[in-house]
Amino acid sequence: QVQLVESGGGSVQPGGSLRLSCAASGSISRIDAMGWHRQAPGKERELVATISRGGSINYADSVKGRFTITISRDNAKNTVYLQMNSLKPEDTAVYYCNAYVFRAGEPKYDYWGQGTQVTVSS
């Protein structure tokens, strides 16, 4: 079994900051790419950012140019982070992490966390 557990969500005022964490645990041989996605009320889930095991990063067009959102990871801790500064109301969503995990003797599988709510409101 593999579990991804997100934390760090909450309610902040516009301009505030949050740091989301997502820790993977269980019988893990290796984790390849990890990522963050979000789903706003009434909208489809969308990609925010991905990061490879080696640290190559891809940001979605919707957040590119906003140097206030940064994805990073700690391979030793099987954890991916999303630092969000200068948050805007349009960033309000449930944020989900995912990870492509290898388990011994099994092909790579895409695991997802349960989501953490981020609300930006005055």
Side-chain angles (χ1 to χ4, degrees):
Q1 287 281 11
V2 174
Q3 285 189 320
L4 270 63
V5 179
E6 298 109 333
S7 60
S11 295
V12 295
Q13 293 186 341
S17 298
L18 285 173
R19 189 193 194 208
L20 307 183
S21 300
C22 171
S25 63
S27 56
I28 296 170
S29 293
R30 190 180 83 242
I31 300 178
D32 277 0
M34 304 182 82
W36 287 97
H37 307 253
R38 64 186 181 185
Q39 187 167 17
K43 295 187 177 181
E44 293 188 353
R45 190 175 300 187
E46 64 173 0
L47 171 72
V48 176
T50 62
I51 183 168
S52 72
R53 182 172 181 81
S56 295
I57 292 172
N58 176 57
Y59 291 106
D61 289 343
S62 60
V63 301
K64 272 182 184 176
R66 289 183 60 183
F67 299 104
T68 57
I69 292 181
T70 305
I71 189 171
S72 61
R73 66 187 284 174
D74 184 332
N75 290 333
K77 296 181 178 179
N78 289 334
T79 299
V80 63
Y81 305 96
L82 189 70
Q83 177 68 46
M84 302 186 291
N85 302 323
S86 300
L87 283 161
K88 302 177 180 180
E90 52 262 42
D91 294 317
T92 295
V94 178
Y95 284 70
Y96 299 89
C97 67
N98 80 303
Y100 288 91
V101 178
F102 284 97
R103 298 176 63 194
E106 297 183 9
K108 184 168 59 177
Y109 188 82
D110 185 13
Y111 289 90
W112 287 77
Q114 81 288 349
T116 186
Q117 177 71 46
V118 171
T119 302
V120 185
S121 174
S122 56

Minimum side-chain heavy-atom gap [X]-[Y] below 4.5 Å:
| X | Y | result |
| --- | --- | --- |
| M34 | C97 | no |
| T70 | Y81 | no |
| R45 | Y96 | yes |
| N75 | R53 | yes |
| I51 | W36 | no |
| N58 | L47 | yes |
| V63 | R38 | yes |
| P89 | P14 | yes |

Within one Ile-Leu-Val-Met-Phe-Trp-Tyr cluster: [X] and [Y], side-chain cutoff 4.5 Å:
| X | Y | answer |
| --- | --- | --- |
| Y95 | Y59 | yes |
| L20 | I57 | yes |
| V80 | V2 | yes |

> For Q83, does the CD atom sit with more than 12 other heavy atoms under 6.0 Å from it, leaving out its own atoms?
Replying inline: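 Yes, enclosed.
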
> Just wondering, are more than 12 heavy atoms of other shown residues or ligands nearer than 6.0 Å to CD in E106?
Replying inline: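 For E106, atom CD is crowded (more than 12 foreign heavy atoms under 6.0 Å).
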
>> Distance to the ring centre below 6.0 angstrom and angle to the axis at most 45 degrees; does that hold for R103 and Y109?
In response: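 Because its charged atom misses either the 6.0 Å distance or the 45° angle limit, R103 does not stack over Y109.
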
Any chance you could measure [X], atom [atom1], to [Y], atom [atom2], to the nearest 0.5 Å?
| X | Y | atom1 | atom2 | value |
| --- | --- | --- | --- | --- |
| S62 | I69 | OG | CD1 | 7.5 Å |
| S52 | Y100 | OG | OH | 13.0 Å |
| R19 | M84 | CZ | CE | 12.0 Å |
| K88 | S86 | NZ | OG | 8.5 Å |
| Q13 | L87 | CD | CG | 11.5 Å |
| D91 | T119 | CG | OG1 | 11.0 Å |

Are the side chain of [X] and the backbone N or O of [Y] linked by a donor-acceptor pair below 3.5 Å?
| X | Y | value |
| --- | --- | --- |
| Q114 | V5 | no |
| T68 | N85 | yes |
| S29 | A104 | yes |

>> Could you report the tightest heavy-atom contact between A24 and I31, atom names first, then the distance?
In response: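 Closest approach of A24 to I31: CB-CD1, 3.8 Å.
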
>> Tell me the closest heavy-atom pair linking Y111 and L4, and the distance in Å.
In response: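 Closest approach of Y111 to L4: O-CD2, 3.6 Å.
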
>> Considering only residues two or more places apart or on different chains, which pairs with a residue in residues 108-122 satisfy salt bridge (Lys or Arg N to Asp or Glu O under 4.0 Å)?
In response: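 Of all non-adjacent pairs touching residues 108-122, those that pass salt bridge (Lys or Arg N to Asp or Glu O under 4.0 Å) are D32-K108.
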
>> Please determine whether side-chain contact (heavy atoms from CB on, under 4.5 Å) holds for the pair T92 and Q117, giving the CA-CA distance in whole Å, both sets of side-chain angles, and the decisive distance to 0.1 Å.
In response: CA-CA 8 Å; T92 295; Q117 177 71 46; 4.0 Å; yes

